[in-house]
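This report concerns only the one structure given below.
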Amino acid sequence: MSRHWPGVALAAAVSLLALAPAPAPAAEPVAADQQAGVSVFVTDLATHTYLSRRPTVDWHRGQAPSGPTITVDTQRRYQEITGFGASFTDSSAWLVGTRLDSKQREAVMRDLFSRQGIGLSFLRQPMGASDFAVNGNYSYDDMPAGQTDPTLTHFSVDHDRSYIIPVLKQARRLNPQLTVMASPWSPPGWMKTSDSMIGGTLKPDAYQPLADYFAKFIEAYAAEGVPIRYITPQNEPLYVPNGYPGMSLSATQQNDLIKNHLGPALQRRGLRTGILGYDHNWDVTSYPESLYADPATSPSVDGTAWHCYGGSVRAQSMSHNSYPNKPAFQTECSGGTWEGDDQAGFAGAMDLVINATRDWAKSVVRWNMALDQNNGPTNGGCDTCRGVVTVTRGADGKWSYAKTVDYWALGQASKFVRRGARRVASNTLGAGDVQDVAFVNPNGSTALVAFNSANSPKTFRVQWGDKWFSYTLAGGAAATFTWNGPQSGASDPTAIGSVDVPFDNPDGTQALISYDSGMLASQTQVRAGDQWLGYTMPGGASLTSPTAEVPLDRGGWTATASSSSADDPVGNAVDGDPATRWSTGQGMQPDDWFQVDLGSQQTFNRLVVDTTASNQDFAKQFEVYVSDDGTDWGKPIATGPGSTLDEILLPQIKGRYIRLVNRSSAGNWWSIHELNVLAPGGPASTDAGPVGDVQRKTAVLPDGTQLLVVYNPGHSPATFDMPLGDTTYAYHLPASAAAIFTTRQQ
């Protein structure tokens with residue numbers, strides 16, 4: 001095989017390595033009148049220590065001695081924090097609001113929402129029944145079978161007045177800065193094709209009634225003293241459960257709902273509630289980005305709501321970098337018995353608190369605020385989920401509550417990180433070591449949340465400007481370090497490990513791209529000689545060849561795979577019918593492969609892998625190999641994170657065999673509905689689309705990876721030239737989107 005793609009030409013950049021400060025002389029203590037010490041609060045399940053204040057740690061001046069070091073730079077600031085919390089599902093509110101007596105209820109609410117407790121400040125509320133409801137399914141406009149109510153004459157939130165709204169109002173009294181968002185698991189059944197709250201999708205004539213349903217809900221809750229700050233159109237729109245409320249809502253449907261109905265309905269009524277798109281897992285970033293790519297929809301969408309049950313948290317950062325003006329909210333992630341013992345559950349919760357916020361989340365939200373000792377009451381859904389507190393009925397018939405590991409993990413952040421705080425730069429020692437995230441509060445104080453994910457104690461230093469301290473944290477324990485005052489002295493940018501690339505928006509705000517070497521695996525990369533060339537493709541972006549690309553004739557192809565479902569044979573992926581598919585017939589495992597023999601050596605420069613009709617069944621991490629004999633595969637020619645529709649641009653290459661290899665594990669089957677291989681040919685393309693103005697900046701990572709970032713600050717799409725070897729492509733970039741190009745040595 002042969003290929004030709006010399007690389008992406010990047011403008012000269014100043015290496016961050018040159019900015020590293022010289023080591024300081026031997027450290028000396030900082031006088032008390034110069035800088036107060038560091039307060040420490042620890043949770044260590046092994047010693048039954050829970051958010052316990054430990055002895056103050058002293059600062060030292062200078063450069064920390066060599067060894068594991070967390071560098072905090074409070075001068076590099078990122079997203080504003082809205083809050084930490086969970087959901088008062090129907091079951092949770094019923095337990096707290098009706099099972100606990102008034103004394104116990106006051107105590108648990110203080111523990112949850114007051115500053116004497118852990119100060120939770122974010123609630124994500126189901127609109128109607130979810131999989132946690134006491135008396136089955138309900139909405140705010142239920143009708144007898146066969147009847148409809150398009151004018152919402154029967155709309156009422158009476159169900160919520162008995163115990164849901166009272167606990168929400170009590171939470172607001174304890175924490176006036178509380179943010180409440182709301183999400184439906186299902187609209188009223190009469191709005192859906194299933195005529196039920198279970199299954200189905202939205203009927204064509206129900207878009208406007210559903211938009212009005214949202215508006216009436218927001219108004220009704222406001223009248224009760226519970227303002228709704230955010231809504232999402234649908235909980236987990238790509239998953240349709242068969243035992244509890246849910247609804248399929250494609251990205252196209254959600255785009256229509258927001259653009260033509262929901263956004264205008266809120267605006268007409270003067271409602272300032274924001275709309276967050278998607279509200280589902282990290283593994284389908286194309287869904288929320290498609291909302292941003294539509295210039296008529298994007299102004300009505302205030303950010304993306306993310307869940308943790310599929311994909312990687314790094315998707316939040318990648319999506320932020322694609323659309324840097326659209327914030328991320330982590331809105332659901334339950335802990336449960338599947339994690340193992342309490343220590344494993346605490347580790348999972350701390351991992352979420354730290355890494356969701358490191359990857360741009362403005363909120364961290366667990367699932368149920370309270371469940372009973374049987375992980376319920378449930379409504380046909382999860383029976384292994386864990387609440388933030390457990391409400392239990394004792395042998396004497398009295399109800400009481402206990403704090404779970406989720407309470408303590410949330411508290412390591414929520415008790416010390418105020419609403420309006422800013423995440424700031426810090427490096428992390430990584431999985432299997434001490435992980436961390438840092439914040440600066442509105443009053444100028446700093447909070448560093450750390451978790452030792454190892455089983456044994458770890459000693460590390462914290463460097464902050466020209467001061468440092470040392471600490472030893474037990475295995476599996478968490479600590480929050482707090483201190484006051486402004487940073488003195490500069491931090492070493494190479495120690496942080498990331499680069500920040502700011503751009504100016506027309507309205508005077510700033511669009512900030514932040515990139516580190518860990519993100520390389522989350523973008524498509526192709527190999528050219530001794531270099532890896534990477535590029536991102538925000539939702540709505542496209543690359544157009546200067547000459548038309550022609551699909552290769554599939555008449556002589558032979559497809560094979562590592563495994564196939566009896567119902568989804570391998571030939572379905574190359575039969576020209578997007579309604580059929582090949583699938584593995586089992587959950588994805590590393591080294592699963594799909595291969596096509598082109599019948600003879602062919603020249604090609606693009607692969608199109610379409611899994612749109614099975615939108616979560618794509619390889620979550622892939623490699624592409626090309627061979628002349630089907631035996632000698634050599635090194636991969638492309639890698640990437642996978643998506644529902646992968647268009648893999650390749651250096652022009654010759655080969656007979658193409659093999660796609662999955663490198664990830666997932667419960668989903670790996671499916672391909674259609675594979676196309678494209679070659680250059682045909683007449684030149686003349687439709688480059690709108691030109692527009694773009695901003696370009698370069699940067700260099702500490703490991704030498706070169707970045708070129710291109711940002712479109714306008715309100716319309718822009719097209720710019722992107723030279724790749726001997727070919728200049730037209731890159732079509734949506735409004736307010738950014739594209740990142742990387743070059744690194746193998």
Side-chain angles (χ1 to χ4, degrees), residues 124-130 138-143 147-157 159-160 180-197 200-224 226-238 240 245-280 287-288 290-305 326 329 331:
R124 185 226 182 187
Q125 292 305 115
M127 291 173 57
S130 69
Y138 68 92
S139 76
Y140 302 121
D141 198 338
D142 293 322
M143 297 296 294
Q147 296 186 30
T148 63
D149 184 23
T151 60
L152 304 179
T153 303
H154 300 283
F155 180 93
S156 173
V157 296
H159 172 280
D160 295 4
V180 181
M181 69 168 286
S183 306
W185 267 238
S186 172
W190 56 265
M191 293 187 184
K192 300 167 60 184
T193 56
S194 62
D195 290 314
S196 166
M197 290 188 71
T201 189
L202 195 61
K203 292 179 179 178
D205 61 357
Y207 281 70
Q208 191 57 49
L210 179 56
D212 295 335
Y213 180 85
F214 274 100
K216 289 180 76 72
F217 167 80
I218 293 167
E219 290 169 342
Y221 258 56
E224 294 291 334
V226 183
I228 303 298
R229 179 63 189 90
Y230 297 105
I231 54 172
T232 63
Q234 174 60 40
N235 172 69
E236 299 190 345
L238 298 179
V240 185
M247 183 176 74
S248 171
L249 195 70
S250 70
T252 300
Q253 289 174 301
Q254 188 166 125
N255 188 68
D256 182 5
L257 176 63
I258 294 172
K259 174 171 57 179
N260 298 317
H261 305 279
L262 184 54
L266 300 186
Q267 187 174 24
R268 280 195 304 270
R269 294 175 184 245
L271 299 174
R272 301 182 65 182
T273 299
I275 302 171
L276 304 181
Y278 189 43
D279 212 6
H280 209 163
Y287 191 121
S290 70
L291 306 177
Y292 303 150
D294 187 332
T297 305
S298 183
S300 295
V301 184
D302 292 291
T304 299
K326 298 296 187 180
F329 294 78
T331 56

Contact summary for [X] and [Y], nearest pair of heavy atoms:
{"X": "D141", "Y": "H154", "value": "OD1-CB, 3.5 Å"}
{"X": "V301", "Y": "K326", "value": "O-NZ, 2.6 Å"}
{"X": "L291", "Y": "G277", "value": "CD1-CA, 3.9 Å"}
{"X": "G200", "Y": "V240", "value": "N-CG1, 4.2 Å"}
{"X": "K259", "Y": "A296", "value": "CD-CB, 3.4 Å"}
{"X": "A182", "Y": "M127", "value": "CB-CG, 3.6 Å"}

With rounding to the nearest 0.5 Å, note down the distance linking [atom1] in [X] to [atom2] in [Y].
{"X": "T273", "Y": "I218", "atom1": "OG1", "atom2": "CD1", "answer": "4.0 Å"}
{"X": "D294", "Y": "N255", "atom1": "CG", "atom2": "CG", "answer": "4.5 Å"}
{"X": "L262", "Y": "D256", "atom1": "CG", "atom2": "CG", "answer": "11.0 Å"}
{"X": "Y230", "Y": "I275", "atom1": "OH", "atom2": "CD1", "answer": "12.0 Å"}
{"X": "Y278", "Y": "T331", "atom1": "OH", "atom2": "OG1", "answer": "10.5 Å"}
{"X": "M247", "Y": "S196", "atom1": "CE", "atom2": "OG", "answer": "12.5 Å"}

Is the gap between the ring centers of Y221 and F217 under 6.0 Å?
->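 Yes; F217 has its ring centre under 6.0 Å from that of Y221.
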
Checking side chain to side chain donor-acceptor pair (under 3.5 Å) for the pair Q254/Y287: CA distance, chi angles, key distance, verdict?
-> CA-CA 9 Å; Q254 188 166 125; Y287 191 121; 2.9 Å; yes

Tell me whether [X] contacts the main-chain N or O of [Y] through its side chain, where contact means a donor paired with an acceptor under 3.5 Å.
{"X": "K192", "Y": "G246", "result": "yes"}
{"X": "S186", "Y": "P245", "result": "no"}
{"X": "H280", "Y": "L238", "result": "yes"}
{"X": "S300", "Y": "I258", "result": "no"}
{"X": "T148", "Y": "P150", "result": "no"}
{"X": "T201", "Y": "S248", "result": "yes"}

Please report the C-alpha distance between H261 and L210 in whole Å, then the side-chain angles of each, then the deciding distance to 0.1 Å, and finally whether the side chain to side chain contact (heavy atoms under 4.5 Å, CB included) criterion is met.
-> CA-CA 8 Å; H261 305 279; L210 179 56; over 6 Å; no

Using side-chain contact (heavy atoms from CB on, under 4.5 Å) as the criterion, list what pairs up with S183, not counting sequence neighbours.
-> R124, M181, W185, T232, D279

Heavy atoms, side chains only, cut-off 4.5 Å: are L271 and E219 in contact?
-> yes

Residues T193, K203; criterion side chain to side chain contact (heavy atoms under 4.5 Å, CB included); working and verdict | CA-CA 6 Å; T193 56; K203 292 179 179 178; 4.2 Å; yes

Could you check whether the rings of Y138 and Y140 sit parallel, tilted or perpendicular, using 30° and 60° as the cut-offs?
->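 Plane angle over 60°, so perpendicular.
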
Distance-only polar pair, side chains of T151 and T153, donor-acceptor under 3.5 Å =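 Side-chain D/A pair, T151 to T153: present.
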
Would you kindly say whether D142 and S139 are connected by a side-chain donor-acceptor distance under 3.5 Å?
->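 Note: D142 and S139 side chains meet the donor-acceptor criterion.
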
Decide yes or no on side chain to side chain contact (heavy atoms under 4.5 Å, CB included) for M143 and D195, but give the supporting numbers first.
-> CA-CA 10 Å; M143 297 296 294; D195 290 314; over 6 Å; no

With side chain to side chain contact (heavy atoms under 4.5 Å, CB included) as the test, would you mind laying out the steps for Y292 and T304 before giving the verdict?
-> CA-CA 10 Å; Y292 303 150; T304 299; 2.5 Å; yes

